[in-house]
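Only one structure is covered here, and it is reproduced in the block below.
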Number of protein chains: 2
Amino acid sequence: MKKHIYIYSPSSAVRDKAAFKRGVKRLQALGHEVELDEAVLATHQRFAGDDATRLAAIARAAASGADVALISRGGYGLTRILDQIPYKAVAKAIDRGTEFVGLSDFTAFQSALLAKTGAVTWAGPAIGEDFGAEAGADDIMEACFDDLLGGQGEGTGWRMPARDSADLPAFRSIHDAVLWGGNLCVLTSLLATPWFPAIDKGVLFLEDVNEHPYRVERMLDQLRHAGVLGRQKAIVLGQFTGIRKVPHDRGFGMQAVVTRLRGLIKPPVLTGLPFGHVPTKVLLPVGAKVEVAADGRNVFMVWGHRHPHPH
Amino acid sequence: MKKHIYIYSPSSAVRDKAAFKRGVKRLQALGHEVELDEAVLATHQRFAGDDATRLAAIARAAASGADVALISRGGYGLTRILDQIPYKAVAKAIDRGTEFVGLSDFTAFQSALLAKTGAVTWAGPAIGEDFGAEAGADDIMEACFDDLLGGQGEGTGWRMPARDSADLPAFRSIHDAVLWGGNLCVLTSLLATPWFPAIDKGVLFLEDVNEHPYRVERMLDQLRHAGVLGRQKAIVLGQFTGIRKVPHDRGFGMQAVVTRLRGLIKPPVLTGLPFGHVPTKVLLPVGAKVEVAADGRNVFMVWGHRHPHPH
């Protein structure tokens, strides 16, 4: 089905224009109408235009009437403008059927929008790194994106790494929990601000890239000490990539971080979610109610409603 | 004057033992009695012993009766154990005259102690990187350390970089403000937890190392959005070192971060404080009342009381 996809740049400037063009062509080849925001390739310092330019781009994406508003890339820029984003206009656009999709720095936008309006957005691909990947767009990512476009695909499933499933005997299933989260570093950077979602009894998913396990642990500890982790029904860890181990670690790595965390909080800590800075990523409805069930190493996550807020 | 200096390891494992030994010898050469904690060279993963070992080391430092309890090094480890540190015992040791000195990861200890007890500690050197520096210990650092040992040295002064002084016409002087802060990344990692000091109308000093300016800005924005920066009488930026610029920055650097921050908050943002991950560092009383005055590019900071909490 042909859909209208609006591409804009709320964060860092697009530097890899070849990947960007490949991504646009890929979406066109899939039969879609791709509309580029007028500032999608703007640059100011490391940003895709100055703050006013990127705020205007967000407003144009909300006014586009597109089926999907897709970010060109993540990077950095949204935390600078969280006090000026037109949240109500974005929430209205979502009510009218525009799905906002992105990841990484976009976690700031998604979390703030959730905190301010309850509107649901999608943790998912970006145009350049995903649809424009040099090796070609990932099949699973594209299938999930297609499900979103078609109004299908009401859930996802994955297999936890063998080493992570043994100590989860008590976990069976979770109902009626709000799914939220995204990039750990970006989400943590919202703590104590008006844009951190106040969600209890939710399912918090987290991923990160290029963060040493000691920094991942420090961020998880901050969320834990702030009471956030203990209040959730489950913590779901996605992909933590780009980790450079050093000799100083002496066995301290993500496995040690996960094992320790499980001993410190009551909610189950599931792992292996296929989401993060990796080609194979599912799309996840941030702010939607989900059910989660585990059968040994197999985890299933189901969402019933695309728009839990009033129409 | 011969003083009793107790050296312990609350954070990362000491890996550069040559620097550690040089540091000990330097303090001995200055005439001091150096006592090494039994676990000062312990190792567990990347830590100086497991959590229980480092907690016991802190308790021994508090019970040592030393004139100064000095960390071997920073790194990572204190945020893991903030819920178990014997704060009252440390505060009592400080009341009895033991000065706790350190930096970097130690900011977590200093901030939590300030939040829990109001006790004053010193942002200052570590044994390995400072007293054991291969090029020899820095003269100014040693003079400041000597002032602390002698009960002298009730202030410090520095010259702001020329580019940073022009836009500070309104700033004259600040009185009766609590000095607090330290490492920006470590301090920010305490936001929303019980260990973040609730200090209004203070003087907040910040430094960091190996953090790109975009990450520095994101952390400053978090503090700003949390209301912390606007509540202070002044923000004092120390040394931000180890920054690797990349072509993607296109003019975005620390100067842009400082200029933008000055446009967003009311308190003056002073720069150039000789403190951070640099050899030439002053010692600063975290939790003490200070006065700050500026005369053009020259800044003076004076602290009147070493122990503002009751004896």
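Here is how names work: the chains are called A, B, and so on, in the same order as the sequence lines, proteins then strands, and each is numbered from 1. Remember, predicted model here, so these are calculated numbers, not experimental data.
Residues A:Thr79 and B:Gln222 form no side-chain contact, since every pair of their non-hydrogen atoms from C-beta on lies 4.5 Å or further apart. In this structure, the side chains of B:His212 and A:Tyr76 stay at 4.5 Å or more apart for every pair of heavy atoms. The side-chain heavy atoms of B:Val186 and A:Arg218, taken from C-beta on, include a pair separated by under 4.5 Å.
Contacts with chain A were tallied for B:Arg46, B:Arg250, B:Met219; B:Arg46 has the most, counting heavy-atom pairs under 4.5 Å. Here B:Asp249 is the residue among B:Thr43, B:Thr193, B:Asp249 with the most heavy-atom pairs under 4.5 Å with chain A. The choice from A:Cys185, A:Ala226, A:Ala256, A:Ser12 that makes the most heavy-atom pairs within less than 4.5 Å of chain B is A:Ala226.
Atom-to-atom distance recorded for A:Asp105:CG and B:Tyr214:OH is 9.0 Å, nearest 0.5 angstrom.
Side-chain N or O atoms of B:Glu217 include none that pairs as donor or acceptor with a backbone N or O of A:Arg80 at under 3.5 Å. Judged by distance alone, with hydrogens and angles left aside, the side-chain atoms of A:Arg15 form a donor-acceptor pair with the main-chain N or O of B:His248 at under 3.5 Å.
With a 4.5 angstrom heavy-atom cutoff, A:Asp221 touches chain B only via side-chain atoms. Residue contact with chain A, scored on non-hydrogen atoms closer than 4.5 Å, is absent for B:Val228. Only the backbone of A:Leu190 has a heavy atom closer than 4.5 Å to any heavy atom of chain B. Proximity to chain B (any heavy atom under 4.5 Å) is shown, for A:Phe196, by neither the backbone nor the side chain.
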